[in-house]
Amino acid sequence: MDISPILDPLNDEQRAAVTAPAGATLVLAGAGSGKTRVLIHRIAWALTALGASPHNILAVTFTNKAAAEMRHRIEKLLGMPGGAMWVGTFHGIAHRLLRLHHQLAGLPPGFQILDSEDQQRLIKKLIRAQELDDTRFVPRDVQYYINKLKDDGVRPAQVKAGYDPMQQTLAKLYAAYEETCQRSGVVDFAELLLRAFELLRDNASLAAHYRARFTHVLVDEFQDTNSIQYAWTRLMAGNDGSPFVVGDDDQSIYRWRGARVENLRQFSRDYPNATMFRLEQNYRSTGNILDAANALIANNSGRLGKNLWTSGGKGEPIHVYAAYNERDEADFVLHRILEWNRRGGARREVAVLYRSNAQSRVFEEAFLSARVPYKVYGGLRFYERAEIKDALAYLRLVSNRHDDASFERVVNLPTRGIGARTLEGLRAAARQRGESMWAAAARMLSGMPEQKLPGELSAAEAFGARGATALLGFLQLIDRLDADTKGLPLHEQIDHVIQNTGLIEHFRKDKQDKGEARIENLEELVSAARGFDADALSPGTEGEKLPPLEAFLAHAALESGEGQADEWDDCVQMMTLHTAKGLEFPLVFMAGMEDGLFPHQRSIDDLEGLEEERRLCYVGITRAMKQLYVSYAEQRRLHGMDSFGVPSRFIEEIPAALVEEIRPRVQVARPAIGVARFRPVAPEAAAPGIKLGARVRHTRFGDGVILNLEGQGSQARVQVNFEHQGAKWLMLSYANLEIVR
DNA sequence: ACTCATTGGTTTTTT
DNA sequence: ACCAATGAGT
């Protein structure tokens, strides 16, 4: 086979990495240095020069999108289908393993996947069931606690709760949660990974089988792996196997969800013979943009070290705009985009990046009124919509009666007279016997004589006559749906369920326009099912055939369905900095660059958090190919309150030589000659009594002492050390400080 | 069971 | 400001 297409498009560094000898390999790849390309060409290299077959390849990514792209590009490069390769996300591949070996993994054959919303609802139910104070045990926090333990591989039995009653209760909740999941036959996302890990850890011969098979294990975005993913990768690759991992410690922005950058270092320790490569030549951005990124990230400690360079030119400076407020900022961005447009630039080449989703609003309003098409990424995805999840819950019950989460979701939707009382009785009964709600209901309503446990109530006692009838109706409904749809094609199954559960009527009643949209979404679900082809999604199935309904449900949970339909419309792209990772745009705006917003207030105080924010900023800067605009608002309406901001510290970390400040348009009356703000104004003149050490009062921040003064006239700033809020920089002209004493 | 008012809380996101 | 979740009242 001709290997020139594999090696020719590569630079020296890339080629060295791609042709590395079989064995552990670590590629530190800077932003825009051809990371994915190296991964893909490495696979091609393994298949040609190293004599591997597609059967031997396991390639793991974090997102479905990345996995799909990888498969696509390999097949294109090699000109052949790579069906026998395992290419997928950590979760997808873990899922596949668990389906194949569900018995060894201790799972029922039809187990289903709990997404994080389902998980939270279930946890909430458990907290209530244990009659705990849900202000002390916040479902979200408990969810985080449980997932953290799972990410670290800790099972309930191994939790060290000590004598702290809070910890003990949490540990009890974790145990109860696990029990419920196991009984219901459902698995959450963290559980997929943990089970797959334990499966290999506890079954030496199975692990040996896969190690023998996957002689080439490749991992993308290695800096995003958590402990379990890393441990699993090691089991899969073996200690003397050939893991080929690619990552960039400077782009680690998911520490908050369990990612461990340390895994990059750990890799070198665990594989002392590993070859390491650095990709530092950047093909994306101008020199100025790279210099800015390099300078910024140099402020982080403990980096593995990397300096991006380009053979291209310096390009334009980084533009910094100090907006008066957030609307002025949006206006500014809008006009620059119109200008870009006028000069022949496409809208899809432009990205507006921000720290948090709420910030998109002002831009949307500005774009809307100027009729500039835009697309906001993020937000609710298809399979996460309430009505879709309702329909899926029915389907899940049809497929598995013991799924309590689904049971609770739809037992009274649409309302059929199964109220809180009835459910409480049912929950209590189920808890007492340690069975699912379905099982408890069926048992109590069967009318069969049974042996009662002491203190157990009869159906009539527990639910009342009306509740009992209604509940029986629900059980019969589900059974009927199951019987009526057996053997039907998937989409007809789903259509039948939607038509016969009363969901349509339920949403039709919705007075607002929402009901209509919901019904359309349900119809869309049917057509999604019609187009669903399980084989196309996980090719190379070797006896891992799943009933179509179950395959579809797993698909819905694992791929929440990021619609890529209108990606090619010519729209301005708007998204958070996190979402932007891995993408590139000729023109990039980073908006809302104010301390407290970015870096975010909640990360500002600890070093680790701040460094992660800095990496996020690094990610943002390195998205830009040709032009980068950075902006902040001196005044911003946040949570309904006006507040004054100071420029993000990250702006100052960009060398001044690379920056060109854009002066705000002169407001209101033009000064007669020259620029007023350059006229020296004694601080006293602007604000009497404002001097170092003075005690001042701020309407929001309270009392404090002036630490520092800077700037002149309308640009004057003060740094005040507030008694309760700590030190803050404020614009003197907006801060409205009152001198105390 | 549904409607309306009040309350709390607001980073980032995949799977 | 805005959303979701809760609680009181019809």
Side-chain angles (χ1 to χ4, degrees), chain A residues 60-67 88-96 113-121 124 128 134-135 138-141 144 147 150-151 187-194 196 221 224-226 228-229 252-259 326 353-362 365 377-381 383-384 386 412-421 470 506 509-512 554-562 575-582 592 596-604 609 612-613 615-617 619-620 636-643:
Chain A
V60 198
T61 64
F62 276 84
T63 66
N64 292 301
K65 199 176 157 199
T89 63
F90 276 103
H91 292 85
I93 286 171
H95 176 238
R96 193 167 178 177
I113 300 163
L114 217 56
D115 74 16
S116 41
E117 195 210 319
D118 300 334
Q119 183 186 34
Q120 197 180 55
R121 291 166 74 108
K124 203 166 168 182
R128 294 236 170 113
D134 61 1
T135 56
V138 185
R140 241 185 81 160
D141 297 350
Y144 175 83
N147 286 337
K150 289 197 183 194
D151 285 346
V187 182
D188 62 47
F189 289 134
E191 185 75 21
L192 281 174
L193 300 174
L194 181 49
E221 306 277 19
D224 288 339
T225 51
N226 66 26
I228 285 297
Q229 287 162 336
S252 158
I253 55 176
Y254 288 115
R255 190 180 70 109
W256 52 274
R257 67 178 199 212
E326 77 277 1
L353 309 181
Y354 34 77
R355 178 64 231 271
S356 64
N357 283 308
Q359 288 171 256
S360 72
R361 202 182 189 90
V362 219
E365 282 165 11
Y377 289 81
L380 260 200
R381 281 186 298 276
Y383 289 112
E384 286 167 2
N412 202 30
L413 186 101
T415 47
R416 43 176 77 90
I418 303 171
R421 295 212 81 92
H506 172 72
K509 275 204 299 249
D510 206 323
K511 289 180 209 41
Q512 292 123 10
H555 165 78
L558 242 29
E559 301 193 35
S560 311
E562 179 65 33
M575 65 193 83
T576 64
L577 289 152
H578 283 90
T579 311
K581 191 170 84 157
L597 253 191
F598 187 35
H600 194 274
Q601 194 60 51
R602 286 165 83 140
S603 313
I604 227 161
E612 176 141 318
E613 297 278 312
R615 291 192 290 270
L616 189 56
C617 187
V619 166
R636 178 181 295 274
R637 184 153 245 190
L638 206 59
H639 310 317
M641 291 227 291
D642 280 323
S643 50

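Values below: every heavy atom of this structure, side chains too, minus hydrogens, waters and symmetry copies. Numbered from 1 within each chain, the chains take letters A, B, ... in sequence-line order.
- Distances shown here put every side-chain N or O of Arg257(A) at or beyond 4.0 Å from the OP1 or OP2 atom of dT12(B).
- For Thr576(A), a side-chain nitrogen or oxygen approaches OP1 or OP2 of dT13(B) to under 4.0 Å.
- Where Leu192(A) and Thr415(A) meet DNA chain B, the nucleotide closest to each residue was compared, and Thr415(A) sits on the side nearer the 5' end.
- Put simply, OH on Tyr144(A) is 14 Å from C1' on dT13(B), counting in whole angstrom units.
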Quick tally for nucleotides 5-10 of chain C: nucleotides whose base has a protein heavy atom under 4.0 Å get B, sugar-phosphate-only ones S, the rest -, giving SS----
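- Residues meeting the ring pair (Phe, Tyr, Trp, His ring centres under 6.0 Å) test with Phe189(A), sequence neighbours left out: His91(A).
- Within the 3.5 Å criterion, the main-chain N or O of Arg636(A) finds a donor-acceptor partner in the side chain of Ser643(A).
- Partners of Arg355(A) by side chain to side chain donor-acceptor pair (under 3.5 Å), not counting sequence neighbours, listed by chain and number: Glu613(A).
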Produce the list of close N/O pairs, under 3.5 Å, pairing protein atoms with atoms of nucleotides 8-11 of chain B; give distances to one decimal.
from    : atom 1 : to        : atom 2 : distance (Å)
dT11(B) : OP1    : Arg602(A) : NH1    : 2.5
dT11(B) : O4'    : His600(A) : NE2    : 3.3
dT11(B) : O2     : Arg355(A) : NH1    : 2.7
dT11(B) : O2     : Arg355(A) : NH2    : 2.1

For a side chain to side chain donor-acceptor pair (under 3.5 Å) check, start with the C-alpha distance between Gln119(A) and Ser116(A), then their side-chain angles and the critical distance, and finish with the verdict.
CA-CA 5 Å; Gln119(A) 183 186 34; Ser116(A) 41; 5.7 Å; no
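- Formation of a donor-acceptor pair under 3.5 Å by the Asp115(A) side chain with backbone atoms of Ala557(A) is not found in this model.
- Proximity of a side-chain donor or acceptor of Gln229(A) to a complementary backbone N or O of Asn226(A) within less than 3.5 Å is detected.
- Glu365(A) places no side-chain N or O within donor-acceptor distance of the main-chain N or O of Val362(A), the cut-off being under 3.5 Å.
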Could I get a table of every N or O pair under 3.5 Å where one atom is in the protein and the other is in nucleotides 5-7 of chain B?
none

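- Thr579(A) comes within contact range of the sugar-phosphate backbone alone, with a heavy-atom separation under 4.0 Å but no base atom that close.
- Here the OG-CG distance, from Ser603(A) to Leu616(A), works out to 9.0 Å after rounding to the nearest 0.5 Å.
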Walk me through it: do Arg637(A) and Glu326(A) pass the test salt bridge (charged side-chain N to carboxylate O under 4.0 Å, His left out)?
CA-CA 7 Å; Arg637(A) 184 153 245 190; Glu326(A) 77 277 1; over 6 Å; no
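- Residues forming a side chain to side chain donor-acceptor pair (under 3.5 Å) with Glu612(A) (at least two apart in sequence, or on another chain): Arg615(A).
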